[in-house]
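Here's the structure, in structure tokens; my notes come after.
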Protein chains: 2
Amino acid sequence: MTDKKQNKPDIVDVARIARVSISTVSRSYNHPELVKPATRKKIERAVQKLGYIRNRAAQVMHGRRSGTIGLVVPTIDNAIFAELIQSFSDKLDQHGFTMLIASHGFDLDREYKMLRKLLEHRVDGLAVIGLEHSDPTYQLIEQQNIPTVAIWNYNKSSALSCIGVDNAEAGRLAARHLISLGHRKIGLVFPDPSGNDRAYDRLNGAVSEFRTAGIEIPENWRLEAPYSVREAKRASILLLEQGHRPTAILCGNDIIAQGVLYASNHLSLKVPDDLSIMGIGDFKGSAEVEPSLSTIRIPAKRIGLMAAELISDTIAGQHADITAMKLELRVMARHSTSRL
Amino acid sequence: MTDKKQNKPDIVDVARIARVSISTVSRSYNHPELVKPATRKKIERAVQKLGYIRNRAAQVMHGRRSGTIGLVVPTIDNAIFAELIQSFSDKLDQHGFTMLIASHGFDLDREYKMLRKLLEHRVDGLAVIGLEHSDPTYQLIEQQNIPTVAIWNYNKSSALSCIGVDNAEAGRLAARHLISLGHRKIGLVFPDPSGNDRAYDRLNGAVSEFRTAGIEIPENWRLEAPYSVREAKRASILLLEQGHRPTAILCGNDIIAQGVLYASNHLSLKVPDDLSIMGIGDFKGSAEVEPSLSTIRIPAKRIGLMAAELISDTIAGQHADITAMKLELRVMARHSTSRL
DNA sequence: CACAAAAATGAAAACATTTGCAAAACTATT
DNA sequence: AATAGTTTTGCAAATGTTTTCATTTTTGTG
């Protein structure tokens with residue numbers, strides 16, 4: 001406490017205590033093989049004694065990497081993203097990176113601001129969710145030429161490198177599953193698609209598949225529900241209480257599907273006998289609900305992992321630029337859907 | 001691309017283009033009132049043209065704040081923490097901070113390493129989950145004197161500032177609820193308490209409350225389950241299939257409780273008639289499951305929010321040191337428990 | 001229109017580190 | 001024991017910004 005300065009110990013302090021030059025201290029961190037073992041020991045002891053921790057900021061100024069990757073997500077508090085973020089972060093950690101995270105609540109203007117914030121911190125790489133972003137956002141990313149990958153949505157003609165699934169296909173697959181079970185009276189519960197290309201694509205995929213099969217969804221069977229079990233339950237109760245109701249409901253994601261499931265329970269509708277329910281996502285727990293939820297499996301963990309891998313490798317200069325990577329979807333036919 | 005240097009534009013570049021000195025550029029960011037509006041315009045244009053983004057690292061070197069707060073969590077992919085992290089991050093953002101996050105998977109040695117990593121980045125503040133940490137971790141935090149708050153667990157004699165709930169009390173409240181409904185044959189499903197003081201305290205609180213009421217839990221009615229609906233379901237099926245089974249099960253958290261609920265459904269046990277199920281946490285969705293889950297409400301959002309507030313204020317020099325803040329628990333008696 | 005006061009700007013030092021280059025200290029060889 | 005080579009270390013410049021202090025420009029007043 002009576003140290004000559006109140007502040008954190010310096011590389012200079014370490015050098016002084018270890019009785020070597022600061023270059024040697026620096027080297028013992030960055031090129032340990034160039035410094036004599038005995039000297040290294042001395043330095044180590046000094047570091048211990050002082051509780052010295054290197055200052056990344058100073059390193060960054062030297063053109064060194066910051067060792068951080070920025071991730072911009074709509075929200076963290078969401079089963080899908082949480083799983084993704086976890087695997088992304090784990091893989092980054094394995095590569096020695098730390099994750100800076102910013103969430104914008106589905107507001108693309110805020111997304112832009114958060115992106116700038118991350119860039120001020122000189123992140124070495126960047127990941128964003130989906131392919132729908134504001135023009136300034138795209139320009140910014142373009143301009144900075146920092147390795148960037150768009151996660152979650154796949155589109156072969158994307159301007160950004162992307163790793164994810166084809167959400168339109170997810171919608172189609174889900175629709176086809178219901179069609180194949182003989183359903184023709186179908187309700188839709190989806191999130192608001194604005195600023196959310198995942199939801200938009202799924203909805204479009206589903207609707208077009210139904211149309212192809214000659215099925216039109218009446219307006220009053222199309223519901224919008226936020227990402228929330230509660231709201232989805234509330235909204236779908238209204239739908240299901242109508243005298244004339246669908247035989248199946250296709251949901252924009254598993255959370256909504258759970259809401260619909262509980263709504264059915266609440267109204268004493270037997271699932272799947274009275275009503276088939278189809279989700280999209282296959283979140284943790286979807287296989288465990290009773291009845292287990294039929295859904296489209298999106299490999300969130302794998303997406304996060306591969307995205308982290310791609311960014312790390314790009315930074316390390318391995319790949320020039322993989323532009324698009326599509327992961328496979330799988331129909332998980334479980335017990336919330338049945339033949340009509 | 002043909003710029004004199006490949007690298008990112010500098011404050012120097014901006015100054016050159018705007019035909020002012022770098023001091024003026026710097027000032028126009030940090031003390032705009034000191035620079036003439038016309039000059040500010042010029043600088044702004046130059047910034048636009050170059051796509052200049054300030055380098056936080058260089059600012060940090062000047063003793064400026066990094067504008068980052070480090071958060072170390074056991075895991076992100078977990079309903080409780082996701083909600084907490086979200087509100088924490090939102091509030092931090094309001095205060096202009098960015099969140100650096102690291103997860104250690106309930107491994108206290110890894111926690112220490114992640115903490116060091118964050119400190120290399122010179123975070124302005126630090127948050128950790130719970131009060132159980134390795135000695136080196138405590139020393140490190142002590143030594144660095146960076147505003148630090150332990151989130152989630154409250155303990156009045158904590159060495160760290162903490163904001164959270166009394167998890168032992170949560171356990172007691174949950175137990176008392178079941179006792180008050182007349183249950184005496186009770187099963188326990190809790191996570192592994194090692195390196196997880198939240199679980200440990202809850203378990204202890206519950207067990208001691210039962211003991212006070214003269215209720216002993218037989219060894220084969222005490223289950224350990226990880227934080228996973230699936231595993232909890234699987235484990236509790238084994239418990240519930242036994243001929244002699246409890247009339248109520250107290251779960252270490254709502255995820256486990258959901259697993260038990262599904263297990264009951266699976267075995268066609270009526271909840272709450274055949275079996276009462278009590279959770280702890282009151283996660284999103286717990287009120288929506290059918291039957292809705294009786295549980296102890298832990299105000300995760302509020303905890304995250306207050307923690308962020310506390311850290312921000314401490315950094316800004318408002319409070320010297322609030323040492324401990326206990327948030328209130330609430331018994332949410334819903335439909336998964338009933339009088340025996 | 002001159003002068004003082006106020007406002008705006010610029011020069012240079014400081015921050016903590018890395019690294020190219022040079023010097024010093026060893027080792028091995030004759 | 002001197003020389004050449006090798007290993008180890010130190011010096012000093014460079015990185016991008018902020019800030020103090022000094023200087024220049026502008027404004028207001030008599």
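Note that the structure is a prediction, hence the values are computed from the model and not measured. Every chain is numbered from 1 and lettered A, B, ... according to where its sequence line falls, protein lines coming before strand lines.
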Open item on the list: Taking any heavy-atom pair under 4.0 Å as a contact, classify B:V25: base, sugar-phosphate, or nothing.
Closed with: nothing
Task: Between A:S26 and A:S23: side-chain donor-acceptor atoms closer than 3.5 Å - done: no
Can you tell me how far [atom2] of [N] sits from [atom1] of [X], to the nearest Å?
{"X": "A:N30", "N": "C:dA16", "atom1": "CG", "atom2": "C1'", "value": "13 Å"}
{"X": "A:K8", "N": "C:dA16", "atom1": "NZ", "atom2": "P", "value": "11 Å"}
{"X": "B:H31", "N": "D:dT20", "atom1": "NE2", "atom2": "C1'", "value": "11 Å"}
{"X": "A:H121", "N": "D:dG16", "atom1": "NE2", "atom2": "C1'", "value": "16 Å"}
{"X": "A:I22", "N": "D:dA13", "atom1": "CD1", "atom2": "P", "value": "13 Å"}
{"X": "A:K42", "N": "D:dG10", "atom1": "NZ", "atom2": "P", "value": "8 Å"}
{"X": "A:E33", "N": "D:dT8", "atom1": "CD", "atom2": "C1'", "value": "12 Å"}
{"X": "A:L34", "N": "D:dT9", "atom1": "CG", "atom2": "C1'", "value": "11 Å"}

Open item on the list: Side chains of A:S103 and B:Q86, heavy atoms from C-beta outward: is any pair under 4.5 Å?
Closed with: yes
Task: Which residue lies more 5' along DNA chain C, comparing B:R122 with B:V20 via nearest heavy atoms - done: B:V20
- [ ] Measure distances between side-chain N and O atoms of B:S23 and base N and O atoms of C:dA11, and say whether any donor-acceptor pair falls under 3.5 Å.
- [x] yes
Task: Rounded distance [0.5 Å steps], OG1 in B:T98 versus CD1 in A:I101 - done: 11.5 Å
TODO: Select one nucleotide: of C:dT17, D:dT18, D:dG10, the one nearest the side-chain heavy atoms of A:Y52.
DONE: C:dT17
Task: From D:dT18, D:dT9, C:dT19, nucleotide with atom closest to A:R64 side chain - done: C:dT19
Task: Residues A:D93, B:R110: salt bridge by 4.0 Å N-O rule - done: yes
Open item on the list: Test of understanding: with salt bridge (Lys or Arg N to Asp or Glu O under 4.0 Å), list the residues that count as partners of A:K49, not counting sequence neighbours.
Closed with: none
Strictly distance-based, threshold 3.5 Å: is any side-chain N or O of [X] a donor or acceptor partner for the main-chain N or O of [Y]?
{"X": "A:R122", "Y": "B:R54", "value": "yes"}
{"X": "B:K117", "Y": "A:F97", "value": "yes"}
{"X": "A:D124", "Y": "A:I69", "value": "no"}
{"X": "A:Y227", "Y": "A:A79", "value": "yes"}
{"X": "A:E132", "Y": "A:D197", "value": "yes"}

TODO: By nearest nucleotide on DNA chain D, pick out whichever of B:R27 and A:S21 is the more 5' one.
DONE: A:S21
- [ ] Please round to 10 degrees the angle between the axis of the first five pairs and the axis of the last five pairs in the helix from C:dC1-D:dG30 to C:dT30-D:dA1.
- [x] 40°
Task: Phosphate OP1/OP2 of D:dT8: any A:T24 side-chain N/O under 4.0 Å - done: no
Open item on the list: At less than 4.0 Å, is any side-chain N or O atom of A:T39 found next to OP1 or OP2 of D:dT9? Yes or no.
Closed with: yes
Task: Close residues, residues 54-63 of chain A, relative to DNA chain D [heavy-atom separation under 4.0 Å] - done: A:M61, A:H62
